[in-house]
**Student:** 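Sharing a structure, written as structure tokens. Questions coming.
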Amino acid sequence: MRRTRDERLERHREERARGRRDPREPAGVATEGAGRQRAGERVERAALALDGRLPFLDAAKGQLRKVFPDHWSFLLGELALYSFVLLLLTGVYLTFFFKPTMAEVVYAGSYAPLRGLRMTEAYASTLAISFDVRGGLLIRQIHHWAALVFLSSIGAHLLRIFFTGAFRRPREVNWLIGLTLFQLALVEGFAGYSLPDDLLSGTGLRTAQGFMLAVPLVGSYLSFFAFGGQWPGTDIVPRLYTTHILLLPGLLLALVTAHLILVYYLKHTQWAGPGRTARNVVGKPLFPHFLTQTIGLLAMVCGLIAVLAATAQINPIWKYGPYRPDQASTDAQPDWYMGFLEGALRLMPGAETRLWGHTVSWNPLIPAVLFPLVLFMLLYAYPFAERWITRESGEQHLCDRPRDRPTRTGIGVAGLTGYAVLLLAGGQDVLALVFGVSVNALDWTLRVALFVAPVLAFWLTRWLCLALQARDRDRLRAGRQPTGFVRQSLSGGFEAEHEKVTDHQLYALTLHQRPTPLTAADASRRQRVRTALSNWYYRDRVRDRV
């Protein structure tokens, strides 16, 4: 039963009476110890007084010893969280000086090359932040670099979850939340770098308007609603500003909170090892070990992003000039997270179809609307599709080694390969200029690579995974493994040095599920399809692992 505040104070006095100073102790040491004791007593009294009104001590008592795994790969989610915190802090600072309006003014600020030019107040206020507000340029660049780190961390975190199978039951909902977070972060980043209304961001907005117009039947209505009239309209910057500082951050904050609650409730996954089972988590307790480590990581993230912002220039809008509808930036490239859409646009041949009095423009409808829609639908469905194919049941709390799931690993590497091809295609004009090749020839090369390279990557990845499985089998059979060192004998010969396989390595090599394809005889068509997919998923595997 929970003690009352008076009982706790009485217990505290008794402990003080038992811990009185020994008369033989030196006076200086006693004085110093008494000072520390008095300070501790004040802190304890304050905590007890607060606990009498808000019983946080009892609630936190059991939670302070919650265990978190300490593998480096689990830090990727923390990187995303801390860069998001930095985004919120710097974003609040920038809102004090940014003017989200498209009303035109004549620039008369500190940057001499642009004086006398007509521009929107959004662009003029961004120039003022960069040149007239103390520390404004540093905060702007911290904000932009933190956005890139945020999206990179989410992407890397999702890849870690995919390749290790951490999306399986009971964590399917967290996988869906993570994908939604990534999509919202993409839109949030696009809205953020579109706010200054410079020539580069205006080119990006014009591209986005093309995406809207490509939607059959309702495209023109979407464009009018977003831009407040004919291009470029008068409402797009205020609407983007409201979306960027209120709507999307609120959704991101809510989803991050839900994600952390689920992680806390469902426990972390962990790598196989001695003492690690599906019923426990082996690692560091929340207090003080994990808390100290994660505060240090927060300081490192903030410090490194600040150093990067102070030394590496990013998004110099004063070089681009204000946006004008009759101009476009040369070598215009979006931030990396939008590069795959840009690449898909550039690789898709121009084609139109006239249907029922309407023109359907397949570029940008297919690469910019249908392609990302299908891509994320497949990612949302993958955990449930894999469970249906592989017939896995029960909760999965141990991470898979990617080599033990060659088909899943191959699918992931194939997707990354396709993404890399699209990212290269997003800057094909720059690549053609740098390497002195034809843009048309480069386009056709990348179009072929988009379909061929993922297939080759899938086949090669599966082959490597199976080769690694065979090597693990040989290590288990022999009970030893090469160290990588070569020893010279007294007779002048050379031999490879070996060492015994440790218990920790034995756990990692043996503690996994053995895949077994489904079998179905005289079953329904649905069951036959499922069996065929299961046999494809487990078609090649190394048998007799131990």
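Small disclaimer: the values here were computed from a predicted structure and weren't measured. Counting begins at 1 with the first residue of the sequence.
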**Student:** Shortest non-hydrogen contact from P196 to G192?
**Tutor:** CD-O, 3.7 Å
**Student:** Please verify the inter-ring angle class for Y382 with F162; under 30° counts as parallel, over 60° as perpendicular, anything in between as tilted.
**Tutor:**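 Judged by the thresholds at 30° and 60°, the geometry between Y382 and F162 is tilted.
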**Student:** Suppose we screen for ring pair (Phe, Tyr, Trp, His ring centres under 6.0 Å). Which residues come up paired with F131, at least two apart in sequence or across chains?
**Tutor:** Y111, W318
**Student:** Report the C-alpha separation of Y123 and L114 in whole Å, then their side-chain angles, then the decisive distance to 0.1 Å, and conclude whether the side chain to side chain contact (heavy atoms under 4.5 Å, CB included) test is met.
**Tutor:** CA-CA 11 Å; Y123 185 66; L114 293 179; 3.5 Å; yes
**Student:** What heavy-atom pair brings A146 and L86 nearest, and what distance separates the two atoms?
**Tutor:**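 It is CB-CD2, 4.2 Å.
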**Student:** Can you confirm whether more than 12 heavy atoms, excluding those of Q230, are under 6.0 Å from its CD atom?
**Tutor:** no
**Student:** Only counting residues at least two apart or in another chain, list the ones meeting side-chain hydrogen bond (donor to acceptor under 3.5 Å, both in side chains) with R354.
**Tutor:**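 Checked R354 against side-chain hydrogen bond (donor to acceptor under 3.5 Å, both in side chains); matches are T359.
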**Student:** Could you tell me which residues satisfy ring pair (Phe, Tyr, Trp, His ring centres under 6.0 Å) with Y537, sequence neighbours excluded, listed by chain and number?
**Tutor:** none
**Student:** Quick one: do Y93 and I142 satisfy side chain to side chain contact (heavy atoms under 4.5 Å, CB included)? Show the steps, please.
**Tutor:** CA-CA 11 Å; Y93 180 86; I142 289 176; over 6 Å; no
**Student:** What I'd like to find out is whether the side chain of P383 reaches to under 4.5 Å of the side chain of R171, using heavy atoms alone.
**Tutor:** no
**Student:** Is there side-chain contact between S130 and L137, with heavy atoms separated by less than 4.5 Å?
**Tutor:** yes
**Student:** To the nearest 0.5 Å, tell me how far L460 CG sits from L456 CG.
**Tutor:** 8.5 Å
**Student:** What's the separation between atom NZ in K99 and atom OG1 in T126, rounded to the nearest 0.5 Å?
**Tutor:**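 The distance works out to 11.0 Å.
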**Student:** Can any side-chain N or O of T461 pair as donor or acceptor with the backbone N or O of F458 at less than 3.5 Å?
**Tutor:**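 It does not hold such a pair.
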**Student:** Can you name the nearest heavy-atom pair linking V421 to L446, along with the distance?
**Tutor:**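 Closest heavy-atom pair between V421 and L446: CG1-O, 3.6 Å.
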**Student:** Can you find a pair of side-chain heavy atoms, one from V149 and one from L304, that are under 4.5 Å apart?
**Tutor:** no
**Student:** Quick one: CG on L75 to OG1 on T294, what's the gap to the nearest 0.5 Å?
**Tutor:**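 These two atoms lie 8.0 Å from each other.
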**Student:** With sequence neighbours excluded, what pairs up with Y241 under the side-chain hydrogen bond (donor to acceptor under 3.5 Å, both in side chains) test?
**Tutor:**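 Once residues adjacent in sequence are excluded, Y241 has no partner under the side-chain hydrogen bond (donor to acceptor under 3.5 Å, both in side chains) criterion.
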**Student:** Would you please classify the geometry between the W271 ring and the H71 ring as parallel, tilted or perpendicular, with 30° and 60° separating the classes?
**Tutor:**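 H71 vs W271 ring planes: tilted.
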**Student:** Is the backbone N or O of R387 less than 3.5 Å from a side-chain atom of R168, with the two atoms forming a donor-acceptor pair by type?
**Tutor:**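 No.
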**Student:** Any side-chain heavy-atom pair from L159 and L416 closer than 4.5 angstrom?
**Tutor:**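 A side-chain contact exists here, since the closest heavy-atom pair is under 4.5 Å.
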**Student:** To check you understand the geometry: which heavy-atom pair defines the closest contact between M102 and P238, and what is its length?
**Tutor:** CG-CD, 4.4 Å
**Student:** Indicate yes or no for a side-chain donor-acceptor contact from T101 to the backbone of E121 under 3.5 Å, with no hydrogens or angles considered.
**Tutor:**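 No; zero donor-acceptor contacts below 3.5 Å.
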**Student:** Who pairs with T120 by side-chain hydrogen bond (donor to acceptor under 3.5 Å, both in side chains), at least two apart in sequence or on another chain?
**Tutor:**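 Partners of T120 by the side-chain hydrogen bond (donor to acceptor under 3.5 Å, both in side chains) criterion, ordered by chain and then number, come out as D197.
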**Student:** When you measure from the side chain of R447 to the backbone of L347, do you find a donor-acceptor pair of N or O atoms at a distance under 3.5 Å?
**Tutor:**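 Between the backbone of L347 and the side chain of R447 there is a qualifying donor-acceptor contact (under 3.5 Å).
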**Student:** Only pairs at least two apart or in different chains count here, so list each ring-ring contact (aromatic ring centres under 6.0 Å, His included) that has a residue in residues 179-221.
**Tutor:** F190-Y193
**Student:** Would you say the side chain of W336 lies within less than 4.5 Å of the side chain of L151, judging by non-hydrogen atoms?
**Tutor:** yes
**Student:** Can you check whether F167's main-chain N or O pairs, donor with acceptor, with N174's side chain at less than 3.5 Å?
**Tutor:** no
**Student:** By ring pair (Phe, Tyr, Trp, His ring centres under 6.0 Å), which residues pair with F227, not counting sequence neighbours?
**Tutor:**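 Ring pair (Phe, Tyr, Trp, His ring centres under 6.0 Å) check on F227 returns W231.
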**Student:** Can you confirm whether W536 is buried at CH2, in the sense that more than 12 heavy atoms of other residues, nucleotides or ligands lie under 6.0 Å from that atom?
**Tutor:** yes
**Student:** State whether the side chain of S534 and the backbone N or O of R530 hold a donor-acceptor pair below 3.5 Å, judged by distance alone.
**Tutor:** no
**Student:** How long is the span from the CG atom in L422 to the OH atom in Y419, to the nearest 0.5 Å?
**Tutor:** 9.0 Å
**Student:** Looking at Q469 and R403, would you say the former's side chain and the latter's main chain have a donor-acceptor pair under 3.5 Å?
**Tutor:** yes
**Student:** Sequence neighbours excluded, which residues qualify as side-chain hydrogen bond (donor to acceptor under 3.5 Å, both in side chains) partners of Q270?
**Tutor:** N280
**Student:** Measure the spacing between CE of M348 and CG of L365 and express it to the nearest 0.5 Å.
**Tutor:**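 So the CE of M348 and the CG of L365 are separated by 8.5 Å.
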**Student:** Is there a side-chain contact between H143 and L87 in this structure, where contact means two heavy atoms from C-beta onward sitting under 4.5 Å apart?
**Tutor:** yes
**Student:** Is a side-chain donor or acceptor of S223 paired with a backbone partner of G219 at a separation under 3.5 angstrom?
**Tutor:** no
**Student:** Between S361 and E352, which heavy-atom pair has the shortest distance, and what is it?
**Tutor:**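 Here S361 and E352 meet closest at CA-CG, 4.2 Å.
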**Student:** Side chains of T269 and T164: does their closest heavy-atom pair fall under 4.5 Å?
**Tutor:** no
**Student:** What heavy-atom pair brings G178 and I154 nearest, and what distance separates the two atoms?
**Tutor:**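 Taking G178 first and I154 second, the nearest heavy atoms are O-CG2, 4.5 Å.
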**Student:** So, taking the atom named CD1 in I317 and the one named OG in S201, what distance separates them when rounded to the nearest 0.5 Å?
**Tutor:**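 Atom-to-atom, I317:CD1 and S201:OG are 8.0 Å apart.
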**Student:** Could you give all pairs that pass the ring-ring contact (aromatic ring centres under 6.0 Å, His included) test and reach residues 425-450, with sequence neighbours left out?
**Tutor:**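 Sorted result for residues 425-450: empty, none.
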**Student:** Please list all pairs meeting salt bridge (Lys or Arg N to Asp or Glu O under 4.0 Å) that have one or both residues in residues 227-237, counting only residues at least two apart or in different chains.
**Tutor:** D235-R239
**Student:** Applying ring pair (Phe, Tyr, Trp, His ring centres under 6.0 Å), name anything that partners Y82, two or more places apart in sequence or on another chain.
**Tutor:**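 Per chain and number, Y82 pairs via ring pair (Phe, Tyr, Trp, His ring centres under 6.0 Å) with no residue.
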**Student:** If a pair satisfies side-chain hydrogen bond (donor to acceptor under 3.5 Å, both in side chains) and one of its residues is in residues 367-380, list it, with sequence neighbours excluded.
**Tutor:** T180-Y380, Q183-Y380
**Student:** Hey, does L176 have a side-chain heavy atom less than 4.5 Å from the side chain of E172?
**Tutor:** no
**Student:** Any side-chain to backbone donor/acceptor pair from R140 onto I314? Under 3.5 Å, distance only.
**Tutor:** no
**Student:** Measure from the side-chain N and O atoms of D198 to the backbone N and O of L200, and report whether any donor-acceptor pair falls under 3.5 Å.
**Tutor:**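 Yes: the side chain of D198 pairs with the backbone of L200.
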**Student:** One pair to check against side chain to side chain contact (heavy atoms under 4.5 Å, CB included): F340 and L423. What are the steps and the verdict?
**Tutor:** CA-CA 5 Å; F340 76 103; L423 195 60; 5.6 Å; no
**Student:** Report the C-alpha separation of E188 and H244 in whole Å, then their side-chain angles, then the decisive distance to 0.1 Å, and conclude whether the side chain to side chain contact (heavy atoms under 4.5 Å, CB included) test is met.
**Tutor:** CA-CA 6 Å; E188 175 77 336; H244 183 68; 3.3 Å; yes
